Amino acid sequence: MIRSVVRGSGAALPRRIMKNADFEGMVETSDEWIVQRTGIRQRHVAADDETTASLGEGAARAALDSAGLTPADIDLIVLATSTPNNTFPATAVEIQNRLGMHHGFAFDMQAVCSGFVYAVATADLYIRGGLAKRVLVIGSETFSRILDWSDRSTCVLFGDGAGALVLEAGEGAGGVADRGVLAASLRSDGVHKDKLFVDGGPSTTGTVGHLRMEGREVFKHAVGMITDVIEATFAQAGITADDLDWFVPHQANKRIIDASAKKLGIAEQKVVVTVDLHGNTSAASVPLALSVAVADGRIKKGDLVLLEAMGGGFTWGAVLVRW
Ligand code: ACO
């Protein structure tokens, strides 16, 4: 059978790093509160010349380099983002143009923080369905542009950045020993819309709006939703937590990551944590964490890696990949 195999990965971050202490003169907060409640120590913030498209292009070029490929080898770009450069055209098409790619096709996916997990599952279907052979899957965000910088309960949590994978059609025997995407489970439920949303949009206010979140409410649902969808993915693949080499969760809050891993019985040393470095970068969070763990030699060819995310909507999902 056809499998969607990871051939390369990469990332791009804005030049400017903002430390927790930098918020202390802006809103009533402290480094101690932010670290204790979230595990975040710093985040990258985009300058005016850094956009979702430019960061996405940077991550795409890094992933292509690591794969030893060029844009000519790619036939589809799927970009996960909730902060596109423009309402339309899709920022994926802008990235396609920036890469000098005038063949194939490109589109955006919007599932907020779950966007990258949705995008990997979608790219896998395009590859297995024969519509594409090599796909650039990108998560890129500039959440700094939709933050209310006077709201301490949200502005300290988010950051900007981008990460990307190149997925390529390969042959598999159909079992869990195959390299590539092995199982996926996606969920959404709009009943939770008001707990995490942006209070603007083209069809309502005609403005971009600002992120609003009832953090405590999101927290209350997060661990249960994450663990349910992961258990469904384990069941699909016929594996247990012990079989995993690496757990790469959405990086929103260290306490959510720790509680989910504990509930699932995933050993602490298998959990990739980058929330301290990047904050919550929404759809970029999982591919940024992946690129760190690949670059430092933790994730290697043949490793069994579980990706997971949960975000606005709510949306949530998990993907199991043999690297
Ligand atoms: N600095 C200091 N105090 C603060 C800050 C801050 N930056 N923010 C809030 N507080 C205060 C609150 O006002 C509150 O004060 P009060 O007790 O006087 O009312 C107190 O700290 C506790 O607030 P809580 O909201 O109960 O704090 P909690 O421990 O729940 O932590 C947090 C807040 C970090 C937001 C947490 O709830 C969380 O991580 N939620 C989940 C977020 C998440 O996972 N999002 C994922 C999806 S993101 C996406 O899809 C875009």
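Just so you know, ligand 1 is whichever comes first in the structure, and atom 1 is the first atom listed for that ligand. For reference, positions follow the sequence shown, starting with 1. Computed from a predicted structure; not experimentally measured.
- Nearest protein heavy-atom neighbour of atom 49 (C) of ligand 1: Cys113 SG, 2.5 Å.
- Of the possible donor and acceptor atoms, one in the side chain of Asn280 sits under 3.5 Å from a partner among the backbone N and O of Ser282.
- Proximity of Val27 to ligand 1, defined as any heavy-atom pair under 4.0 Å, is not found for any part of the residue.
- The local environment of NZ in Lys195 is crowded, with over 12 non-hydrogen atoms from other residues, nucleotides or ligands closer than 6.0 Å.
- A heavy-atom separation below 4.0 Å is not found between Ile34 and ligand 1.
- Remark: side-chain polar atoms of Arg3 are not paired, donor with acceptor, to backbone N or O of Asp178 under 3.5 angstrom.
- Within the listing of ligand 1, atoms 51 (C) sit less than 4.0 angstrom from a heavy atom of Phe158.
- Of all the listed residues (Val198, Val223, Asn20, Ile256), Ile256 holds the heavy atom that lies closest to atom 44 (O) of ligand 1.
- Distance screen at 4.0 Å: atom 28 (P) of ligand 1 has a protein heavy-atom neighbour inside the cut-off.
- Sparse packing is recorded around CZ of Arg41, with 12 or fewer heavy atoms of other residues, nucleotides or ligands lying under 6.0 Å away.
- Contact atoms of ligand 1 toward Val112: 49 (C), 50 (O), 51 (C) (distance under 4.0 Å to a heavy atom of the residue).
- Near Phe143, meaning under 4.0 Å from one of its heavy atoms, ligand 1 places the atoms 51 (C).
- Side-chain atoms of Gln110 do not come within 3.5 Å of backbone N or O of Ser82 as any donor-acceptor pair.
- In terms of protein heavy atoms, atom 39 (O) of ligand 1 is closest to Asn253 ND2, 2.6 Å.
- For atom 17 (O) of ligand 1, the protein comes within 4.0 Å by no heavy atom at all.
- Not one N or O of Ser30 is nearer than 3.5 Å to an N or O of ligand 1, by distance alone.
- Ion pair Arg15/Asp49 flagged as a salt bridge, since at least one NZ, NE, NH1 or NH2 atom sits closer than 4.0 Å to an Asp/Glu carboxylate oxygen.
- The backbone of Glu28, and not its side chain, has at least one atom closer than 4.0 Å to an atom of ligand 1 (non-hydrogen atoms only; backbone = N, CA, C, O).
- A salt bridge links Asp148 to Arg212: one of the charged nitrogens lies within less than 4.0 Å of a carboxylate oxygen.
- For ligand 1, none of its N or O atoms has an N or O atom of Thr38 under 3.5 Å away.
- Minimum interatomic distance between Leu182 and Leu304 (heavy atoms only, all atoms of both residues): CD1-CD1, 3.7 Å.
- The shortest non-hydrogen separation linking Phe116 to Gly163 is CE1-O, 4.4 Å.
- Of the protein's non-hydrogen atoms, Phe219 CD1, 3.7 Å is the one closest to atom 36 (C) of ligand 1.
- The protein non-hydrogen atom at the shortest distance from atom 1 (N) of ligand 1 is Thr29 OG1, 2.7 Å.
- Counting only heavy atoms of the protein, atom 33 (C) of ligand 1 lies nearest to Trp33 CH2, 4.0 Å.
- Between Arg37 and ligand 1, at least one N/O pair is under 3.5 Å apart.
- Any N or O atom pair closer than 3.5 Å counts here, and Gly312 shares at least one such pair with ligand 1.
- Side-chain atoms of Ser188 never come within 3.5 Å of backbone atoms of Phe314 as a donor-acceptor pair (strictly under, hydrogens ignored).
- Between the Asp276 side chain and the Gly39 main chain, no donor and acceptor come within less than 3.5 Å of each other.
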Should Asp65 and Arg61 be marked as a salt bridge (charged side-chain N to carboxylate O under 4.0 Å, His left out) after you check the CA-CA gap, both sets of side-chain angles, and the distance that decides it?
CA-CA 6 Å; Asp65 281 351; Arg61 288 193 184 279; over 6 Å; no

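- Between the side chains of Ser9 and Ser66, no donor N or O sits under 3.5 Å from an acceptor N or O.
- Salt bridge status for Asp124 with Arg128: present, with a side-chain N to carboxylate O gap under 4.0 Å.
- Nearest protein neighbour of atom 43 (C) of ligand 1, counting heavy atoms only, is Val218 CG1, 3.7 Å.
- Screening Val229, Thr122, Leu186 for a side-chain contact (heavy atoms from CB on, under 4.5 Å) with Val117, the sole residue that qualifies is Leu186.
- Atom CD1 of Ile77 is separated from atom CD of Glu57 by 10.0 Å, given to the nearest 0.5 angstrom.
- Remark: ligand 1 atoms within the under-4.0 Å shell around heavy atoms of Asn280 are 48 (S).
- Atoms of ligand 1 found under 4.0 Å from any heavy atom of Leu196 (numbered from 1 in listed order, with element): 47 (C), 48 (S), 49 (C), 50 (O).
- Results of the side-chain contact (heavy atoms from CB on, under 4.5 Å) test with Leu306 over Val271, Asp245, Leu244 single out Leu244 as the only residue that passes.
- Considering only non-hydrogen protein atoms, atom 46 (C) of ligand 1 sits nearest to Ala252 CB, 3.8 Å.
- Judged by distance alone, with hydrogens and angles left aside, the side-chain atoms of Arg98 form no donor-acceptor pair with the main-chain N or O of Val93 at under 3.5 Å.
- Residue-to-ligand polar distances place Arg216 within reach of ligand 1: an N/O pair is separated by less than 3.5 Å.
- Residue Phe23 places every heavy atom at 4.0 Å or more from ligand 1.
- Selection from Glu214, Met213, Lys195 by nearest heavy atom to atom 42 (C) of ligand 1 gives Met213.
- Counting the atoms of ligand 1 from 1 in the order shown, those under 4.0 Å from a heavy atom of Gly311 are 47 (C), 50 (O).
- By the 3.5 Å distance cut-off applied to N or O atoms, Gly215 is counted among the residues near ligand 1.
- Nearest residue to atom 11 (C) of ligand 1 from Arg152, Glu24, Glu32 is Arg152 (criterion: closest heavy atom).
- Atom 35 (C) of ligand 1 has its closest protein heavy atom at Leu157 CD1, 3.8 Å.
- Around atom 31 (O) of ligand 1, the closest heavy atom drawn from Arg255, His221, Met310 belongs to Arg255.
- Not a single heavy atom of Thr154 sits closer than 4.0 Å to an atom of ligand 1.
- There is a protein heavy atom closer than 4.0 angstrom to atom 7 (N) of ligand 1.
- Across Val6, Val135, Ile74, a single residue satisfies side-chain contact (heavy atoms from CB on, under 4.5 Å) together with Val166, and that is Ile74.
- Taking distance alone, with nitrogen or oxygen atoms compared against 3.5 Å, His250 stays at or beyond that limit from ligand 1.
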